[in-house]
Participant: 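The structure's right below; bear with me while I get my questions together.
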Amino acid sequence: QVQLVESGGGLVQAGGSLRLSCAASGRTFTNDVLGWFRQAPGKEREFVAAIKWSGGSIYYSDSVKGRFTISRDNAKNTVYLQMNSLKPEDTAVYYCAADGGKFYFYSSYLKDPVQYIYWGQGTQVTVSS
């Protein structure tokens with residue numbers, strides 16, 4: 001059974017930091033893209049960042065570039081999202097997702113949530129002003 005389990009969300013002051021974790025299990029993710037998305041109430045699901053499991057290629061949305069860092073720990077089958085300089089507009093439920101291994105890594109593909117077939121349950125991030 002494939003599972004993606006997010007953790008690390010919470011309440012933080014503007015300017016503060018959080019680190020989200022995504023523990024992946026149930027299959028090999030060698031050929032997969034692992035992505036982070038977020039969704040605020042009444043808004044569309046928004047792409048945040050993606051990493052290719054093999055080789056570690058990375059892509060960020062413009063809204064988080066320079067503030068967030070995506071990384072992976074192969075030994076732990078875990079993907080991280082380090083979030084620094086948080087803003088109130090970062091408030092959302094954050095989801096981890098995997099594309100199942102389709103061998104693409106270009107921006108319009110990575111940003112499209114329909115391309116991802118495995119999803120975690122989400123973790124709430126709230127940034128107060």
Participant: How long is the span from the CG atom in Leu20 to the CZ atom in Arg38, to the nearest 0.5 Å?
Facilitator: 11.0 Å
Participant: Report yes or no: does Thr91 contribute a side-chain atom to a donor-acceptor pair with the main-chain N or O of Thr126 at less than 3.5 Å?
Facilitator: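 No, the answer is negative, given that no donor and acceptor are paired below the 3.5 Å cut-off.
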Participant: If only atom types and distance count, is the side chain of Gln121 paired as donor or acceptor with the main-chain N or O of Glu6 below 3.5 Å?
Facilitator: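 It does hold such a pair.
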Participant: Is it the case that Arg45 places NZ or CZ above or below the six-membered ring of Tyr95, under 6.0 angstrom from the centre and within 45 degrees of the axis?
Facilitator: yes
Participant: Answer with yes or no whether the hydrophobic clustering places Val64 together with Ile51; edges join I, L, V, M, F, W, Y residues whose side-chain heavy atoms lie under 4.5 Å apart.
Facilitator: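 Looking at the clustering, Ile51 is in the same group as Val64.
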Participant: Could you state the interatomic distance from OG1 (Thr123) to CG (Leu81), rounded to the nearest 0.5 Å?
Facilitator: 11.0 Å
Participant: Might you point out which heavy atoms bring Gln13 and Ser128 nearest each other, and give the distance in Å?
Facilitator: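 Smallest heavy-atom distance, with atoms named: OE1-OG, 3.3 Å.
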Participant: Is there side-chain contact between Val33 and Leu110, with at least one heavy-atom pair below 4.5 Å?
Facilitator: yes
Participant: Taking side chain as C-beta onward, heavy atoms only, is Asn84 less than 4.5 Å from Phe68?
Facilitator: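 SC-SC contact between Asn84 and Phe68 ruled out.
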Participant: Could you see if Leu18 belongs to whatever hydrophobic cluster contains Leu11? Use Ile, Leu, Val, Met, Phe, Trp, Tyr and a side-chain cutoff under 4.5 Å.
Facilitator: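 No, separate clusters.
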Participant: So which atom in Phe105 and which in Ala50 form the shortest heavy-atom distance, rounded to 0.1 Å?
Facilitator: CZ-O, 4.3 Å
Participant: Do Asp99 and Tyr109 have a side chain donor and acceptor closer than 3.5 Å?
Facilitator: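 Indeed, the side chains of Asp99 and Tyr109 share at least one donor-acceptor pair under 3.5 Å.
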Participant: Take Trp36 and Cys22, measure what side-chain contact (heavy atoms from CB on, under 4.5 Å) needs, and give me the verdict at the end.
Facilitator: CA-CA 9 Å; Trp36 287 97; Cys22 173; 3.7 Å; yes
Participant: Please say yes or no: joined through hydrophobic side-chain contacts below 4.5 Å, possibly via intermediate residues, are Leu34 and Tyr94 part of one cluster?
Facilitator: yes
Participant: Hey, what do you get for NZ (Lys102) to CG (Asn31), rounding to the nearest 0.5 Å?
Facilitator: 13.0 Å
Participant: Atom CD in Glu44, atom CD in Glu46: separation rounded to 0.5 Å?
Facilitator: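 Reported value, rounded in 0.5 Å steps: 10.5 Å.
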Participant: Does the distance from a Lys or Arg side-chain N to an Asp or Glu carboxylate O, for Arg27 and Asp32, drop under 4.0 Å?
Facilitator: yes
Participant: Nearest 0.5 Å please: distance from the OG atom of Ser129 over to the CD atom of Glu89.
Facilitator: 10.0 Å
Participant: For a side-chain hydrogen bond (donor to acceptor under 3.5 Å, both in side chains) check, start with the C-alpha distance between Thr78 and Asp73, then their side-chain angles and the critical distance, and finish with the verdict.
Facilitator: CA-CA 5 Å; Thr78 300; Asp73 185 333; over 6 Å; no
Participant: Can you classify the ring geometry of Trp119 versus Phe37 as parallel (below 30°), tilted (30 to 60°) or perpendicular (above 60°)?
Facilitator: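 Answer is tilted, since the angle falls between 30° and 60°.
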Participant: Give me the atom names and distance for the closest heavy-atom approach of Ser17 to Gln82.
Facilitator: CB-NE2, 4.0 Å
Participant: Measure the acute angle between the ring planes of Trp53 and Phe29, then classify it against the limits of 30° and 60° as parallel, tilted or perpendicular.
Facilitator: tilted
Participant: So, Lys87 and Asp90, do they make that salt bridge, N to O below 4.0 Å?
Facilitator: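 No, this pair does not count.
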Participant: What about Leu4 and Ile117, same hydrophobic cluster or not, with Ile/Leu/Val/Met/Phe/Trp/Tyr joined at side-chain heavy-atom distances under 4.5 Å?
Facilitator: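 In one cluster: yes.
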Participant: Which value, rounded to the nearest 0.5 Å, describes the distance between Phe103 atom CZ and Lys52 atom NZ?
Facilitator: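 Here the interatomic distance stands at 9.5 Å.
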Participant: If hydrophobic clusters are built by linking Ile, Leu, Val, Met, Phe, Trp and Tyr wherever their side-chain heavy atoms come under 4.5 Å apart, do Phe47 and Met83 end up in the same one?
Facilitator: no
Participant: With side-chain contact (heavy atoms from CB on, under 4.5 Å) as the test, would you mind laying out the steps for Ile70 and Tyr80 before giving the verdict?
Facilitator: CA-CA 6 Å; Ile70 189 170; Tyr80 302 98; over 6 Å; no
Participant: What are the two closest heavy atoms between Gly100 and Tyr118, and how far apart are they?
Facilitator: CA-CE1, 4.1 Å
Participant: Quick check, are the ring centers of Tyr59 and Tyr106 under 6.0 angstrom apart?
Facilitator: no
Participant: Heavy atoms only: give me the nearest Ala49-Tyr60 pair and the separation to one decimal.
Facilitator: CB-CD2, 3.6 Å
